[in-house]
Amino acid sequence: MTHISSCTASTIKDAATSLRSGNLVAFPTETVYGLGVDATNKGAVAHLYQVKGRPSDHPLIVHISSMANLDKWAREIPEYAIKLARAFWPGPMTLILPRTNLAMDFITGNQDSVGIRVPSHPLASALLTEFEEQGGLGVAAPSANRFGKVSPTTADAVVEELSGYLSPADLILDGGTCQVGVESTIIDCTQDIPEILRPGAITLDLILDQTGVLVKENNKTSMQEKVRAPGLLESHYAPNATVFLTGNPKSGDGLIALDSYLTPSGVLRLASPKNNQEYARQLYQALRLADTRGIERVFVIPPTGRDIALAINDRLKRCTQR
Ligand code: TXA
Ligand code: MG
């Protein structure tokens, strides 16, 4: 595995070529780092599942450079999905749509739908554009962490998660710290009315405000029947430390809370974000820091509000489940 710390046009070109030859390339997106693979290469996708330690029937998101390539992967695209794509792509949103034959079972976990995203991080964009110029059709990329663990938001976190599992030919592209910090909003677009399966930076309110499209809030029971989505399992996004959302931290415990919340004496402050956006950006790094410092109990004061706080609370709930 090679960690490329300063990416140039030529390293991006080489990375795209490497993807085309079936290797894995970890790359930054605006949400979290992804572990990319040619979405049409069955053997390479099998290697990816092995590296992640992820059960093979769980679906992957296919990343494309622009909306122009959407109908290669998806069919029967509802009008509302086009509106969503126009408003929020490139950006932190994934649409679940009926698949074409290109989206094979090894990508969709045998489902008839496929997840598609156009990321906005300039490095991700450049990599996908170059990959497509070289004849590629899409890059499948789960978050670049081991299954069930905290998603990486820096290249160093990817190294920490995966260096023991990647092959010598695999690459990690460094693009700094991810801006959003939590994974994309996933919207099921296979029904008459769209439904949020995983909350993210693109919220219900933002969607209604910018497109007039009314999206249903995540309905857990029906969702669990409909899809096998690992990020939607009860326990996920979990550090080694035990995370508490209630109770009081004692000396030696870790604390994550908004800046305005004071640190009790002896408690180790892991993050002090000034607002909910910063909270999302710092959360996963703070959970990782707890593990590197060997802290066993982390107390988190969850943010409130209908913005990205909804996504933060969703992840917090899951990382407290064991
Ligand atoms: O922000 C993100 O979405 C990041 C970056 C790298 O793009 N990717 C990401 O991928 O979070 P992953 O694999 O860690 O989580 C994707 C989620 C999983 O819960 C997966 O099951 C769900 O999307 N998913 C993918 N395809 C699906 C489908 N056809 N139906 C339902 N859920 C799907
Ligand atoms: Mg993930």
Side-chain angles (χ1 to χ4, degrees), residues 24-37 39 45 48-49 51-64 73-74 88-100 103-121 123-125 127-128 138-153 158 161-162 173 175 178-191 195-202 218 222-238 280 284 308 311 314-315 318-319:
L24 306 184
V25 176
F27 61 97
T29 80
E30 66 281 19
T31 57
V32 299
Y33 274 73
L35 183 60
V37 67
V45 171
L48 171 93
Y49 275 93
V51 167
K52 261 196 76 89
R54 180 169 175 162
S56 64
D57 60 348
H58 289 273
L60 297 171
I61 297 171
V62 177
H63 296 66
I64 52 181
W73 291 95
F88 300 110
W89 276 349
M93 177 185 74
T94 297
L95 300 181
I96 307 293
L97 291 157
R99 67 172 172 179
T100 62
M104 283 178 276
D105 285 344
F106 60 83
I107 287 295
T108 70
N110 299 315
Q111 300 186 74
D112 288 330
S113 59
V114 63
I116 305 287
R117 177 157 117 78
V118 179
S120 65
H121 191 293
L123 221 161
S125 252
L127 179 66
L128 293 170
V139 173
S143 51
N145 51 280
R146 294 280 291 166
F147 184 63
K149 295 295 178 189
V150 180
S151 299
T153 52
V158 179
E161 280 282 325
L162 300 180
L173 305 184
C178 300
Q179 272 297 309
V180 176
V182 293
E183 304 80 355
S184 62
T185 305
I186 301 183
I187 306 173
D188 180 4
C189 300
T190 63
Q191 326 266 337
E195 182 178 345
I196 293 193
L197 299 181
R198 179 177 72 183
I202 306 299
N218 181 345
S222 72
M223 177 188 77
Q224 278 172 341
E225 284 165 9
K226 273 194 318 235
V227 294
R228 280 173 305 234
L232 307 172
L233 291 176
E234 289 293 290
S235 174
H236 218 76
Y237 313 105
Y284 290 160
I308 202 160
D314 169 76
R315 308 308 191 273
R318 291 175 210 287
C319 79

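Each ligand, and each atom within it, is numbered from 1 in the order the structure gives.
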Item to complete: Measure Arg54 to ligand 1 on non-hydrogen atoms and call it side chain, backbone, both or neither using the 4.0 Å cut-off.
Response: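 Side chain only; the backbone of Arg54 stays clear of ligand 1.
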Heavy-atom contacts with [X] under 4.0 Å: which atoms of ligand 1 show up? List them by number with element.
{"X": "Ile186", "answer": "17 (C), 22 (C), 23 (O)"}
{"X": "Ala141", "answer": "6 (C), 8 (N), 10 (O)"}
{"X": "Arg117", "answer": "1 (O), 2 (C), 3 (O), 5 (C), 7 (O)"}
{"X": "Ser184", "answer": "1 (O), 2 (C), 3 (O)"}
{"X": "Gly34", "answer": "6 (C)"}

Worksheet item: Considering residues at least two apart in sequence or located in another chain, which fulfil the side chain to side chain donor-acceptor pair (under 3.5 Å) criterion with Glu183?
Response: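 Partners of Glu183 by the side chain to side chain donor-acceptor pair (under 3.5 Å) criterion, ordered by chain and then number, come out as Ser151, Tyr284, Arg315.
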Practice prompt. Pick, from Pro142, Ser113, Ala103, Pro98, the option with the minimum heavy-atom distance to atom 10 (O) of ligand 1.
Written response: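 Nearest option to atom 10 (O) of ligand 1, by heavy atoms: Pro142.
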Item to complete: Say whether Arg99 and ligand 1 are in contact under the criterion: heavy-atom distance to a ligand atom below 4.0 Å.
Response: no
Worksheet item: Does even one non-hydrogen atom of Leu60 get within less than 4.0 Å of ligand 1?
Response: yes
Worksheet item: Counting backbone and side-chain atoms alike, does Ser143 have an N/O/S atom under 2.8 Å from the Mg ion (ligand 2)?
Response: yes
To the nearest 0.5 angstrom, please state how far the [atom1] atom of [X] sits from the [atom2] atom of [Y].
{"X": "Leu197", "Y": "Asp188", "atom1": "CG", "atom2": "CG", "answer": "5.0 Å"}
{"X": "Ser56", "Y": "Leu48", "atom1": "OG", "atom2": "CG", "answer": "11.5 Å"}
{"X": "Ile107", "Y": "Trp73", "atom1": "CD1", "atom2": "CH2", "answer": "6.0 Å"}

Discussion item. Tell me whether the rings of His63 and Phe27 are parallel (<30°), tilted (30 to 60°) or perpendicular (>60°).
Written reply: perpendicular
Is there a nitrogen or oxygen of [X] sitting under 3.5 Å from a nitrogen or oxygen of ligand 1?
{"X": "Lys52", "answer": "no"}
{"X": "Ser143", "answer": "yes"}
{"X": "Thr29", "answer": "no"}

Discussion item. Quick check: do Ile186 and Ile196 have side-chain heavy atoms less than 4.5 Å from each other?
Written reply: no
Fill in: Contact check, side chains of Ile308 and Val180, non-hydrogen atoms, under 4.5 Å
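Answer yes - side chains close enough.
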Item to complete: Establish, from distance only, whether the side-chain atoms of Arg198 and Ser184 form a donor-acceptor pair under 3.5 Å.
Response: yes
Worksheet item: Which residues pass the salt bridge (charged side-chain N to carboxylate O under 4.0 Å, His left out) test with Arg99, sequence neighbours left out?
Response: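 Listed in chain order: Asp105, Asp112.
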